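The structure appears below as structure tokens.
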Amino acid sequence: MSTLAESAGSTEVASGYRAGRTLPLRVELVRQLKRRRTLVMGGVLAALPFVLAVAFAIGGGPGGRSGRVTLMDTATASAANFAAVNLFVSAGFLLVIPVALFCGDTVASEASWSSLRYLLAAPVPRARLLWSKLVVGLGLSLAAMVLLPLVALAVGTAVYGWGPLEIPTGGTLDAGTAAQRLLVVVAYIFVSQLVTAALAFWLSTRTDAPLGAVGGAVGLTIVGNVLDAVTALGHWRDFLPAHWQYAWADAVQPHLEWSGMIQGTAVSVSYALALFALAFRGFARKDVVS
């Protein structure tokens, strides 16, 4: 009798089944790379440096306004300056879109295709499924942020030549140092976008509409930017991730200043960890019918 009870209460597992081997990262990565939205997003980011180079060629190049020189005004000084300007014009909004797309579309798209329940029935453990999709989504987001400055450096070298990075406030950084600083800039932008990634991923586990998850993350990011513009909030803005999104500008100064980027990283990572935890906790209890 006890043997029958133990058999009834146990879960049968197929021979050779290993939960940790389900939905390998390489399989999920190949699936996402083959999707049209990935190719389109990559094409848009790769095209931006060419668009800016043509715009500067038509407009005769940027120039100082009212005697004040900004990063934009040094765009044509060298390839390093051109890459920095590409990051400057895209960090506030354009780079938000691939992050929201890659992290917000990943789970919700499976639900919209009615394939999510079949993945879980394979069986792929829920935590494993989310982990695979999150790692690939973040990886593609990082790849998008690396692609832009790489193409910008190539285009800038061909059009403006390889040289030191001219700092708007005065002075220069040699090409080797400038390349290292650009790596710091890309790394910080990625970390600062973790909040958008976490928002998109959490929404992706809550809805069957990919557009709702992506649009919701982009919309909330825009709301954060608007709130940061409200100076009446005073020091409360320090708790907004958007308040620190351009702290990477301290990396393109004669002396690298870390304080702003450290504060921005702390705020961004704190929000992101909380949202990722909510996503995993909520999905573990969700009744998946799609």
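Remember, predicted model here, so these are calculated numbers, not experimental data. In this chain, numbering begins with 1 at the start of the sequence shown.
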* **Under the side-chain contact (heavy atoms from CB on, under 4.5 Å) test, residues paired with W236 that sit two or more places apart** =>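 For W236 the side-chain contact (heavy atoms from CB on, under 4.5 Å) partners, ignoring immediate neighbours, are L233, F239.
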* Please name all residues satisfying side-chain contact (heavy atoms from CB on, under 4.5 Å) with V223, sequence neighbours left out, ordered by chain then number. =>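 Expected list: L227.
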Go through the structure and list residues passing side-chain hydrogen bond (donor to acceptor under 3.5 Å, both in side chains) with [X], not counting sequence neighbours.
| X | value |
| --- | --- |
| E166 | none |
| T177 | D174 |
| T205 | none |

Just distance, no hydrogens or angles: give the donor-acceptor pairs under 3.5 Å from side chains in residues 181-189, sequence neighbours left out.
residue: R181; atom: NH1; partner: A251; partner atom: O; Å: 2.9
residue: R181; atom: NH1; partner: Q253; partner atom: O; Å: 2.7
residue: Y188; atom: OH; partner: W244; partner atom: O; Å: 2.6

Indicate yes or no: at least one non-hydrogen side-chain atom of [X] is less than 4.5 angstrom from one of [Y].
| X | Y | result |
| --- | --- | --- |
| V135 | L29 | no |
| I167 | P254 | yes |
| V146 | F190 | no |
| L138 | L194 | yes |

Please table the atom pairs, donor to acceptor, closer than 3.5 Å between any side-chain atom in residues 39-51 and protein atoms at least two apart or in another chain.
none

* Measure up the F88 and W248 rings against each other and bin them: parallel (under 30°), tilted (30 to 60°), perpendicular (over 60°). =>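 F88 and W248: perpendicular rings.
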Side chains of residues 91-107: which donor-acceptor pairs under 3.5 Å do they make with residues two or more places apart or in other chains?
residue: D105; atom: OD2; partner: R35; partner atom: NH1; Å: 2.4
residue: D105; atom: OD2; partner: R35; partner atom: NH2; Å: 2.8
residue: D105; atom: OD2; partner: R37; partner atom: NE; Å: 3.2
residue: D105; atom: OD2; partner: R37; partner atom: NH2; Å: 3.2

* **side chain to side chain donor-acceptor pair (under 3.5 Å) pairs, two or more places apart, involving residues 212-233** =>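 Matches after skipping sequence neighbours: T196-T221, N225-Q245, D228-H243.
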* **Residue pairs, two or more places apart or on separate chains, that pass side chain to side chain donor-acceptor pair (under 3.5 Å) and touch residues 137-152** =>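 Checked against side chain to side chain donor-acceptor pair (under 3.5 Å) - neighbours excluded - no pair reaches residues 137-152.
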* Would you say S204's side chain and A108's backbone share a donor-acceptor pair under 3.5 angstrom? ->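 Yes, because the side chain of S204 sits within donor-acceptor range (under 3.5 Å) of the backbone of A108.
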* Short side-chain to backbone donor-acceptor contact, T74 and N81, under 3.5 Å ->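 Not at all, since once roles are kept as given, no pair shorter than 3.5 Å links the two residues.
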* Can you tell me how far the CG atom of L33 sits from the CZ atom of R26, to the nearest 0.5 Å? ->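 Going from CG on L33 over to CZ on R26, the span is 14.0 Å.
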Solution key, residues 259-266 side-chain donor-acceptor pairs under 3.5 Å, sequence neighbours excluded:
residue: S259; atom: OG; partner: E257; partner atom: OE2; Å: 2.9
residue: T265; atom: OG1; partner: M261; partner atom: O; Å: 2.7

* **Residue pairs passing the ring pair (Phe, Tyr, Trp, His ring centres under 6.0 Å) test where at least one lies in residues 141-170, sequence neighbours excluded** =>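 Of all non-adjacent pairs touching residues 141-170, those that pass ring pair (Phe, Tyr, Trp, His ring centres under 6.0 Å) are F82-Y160.
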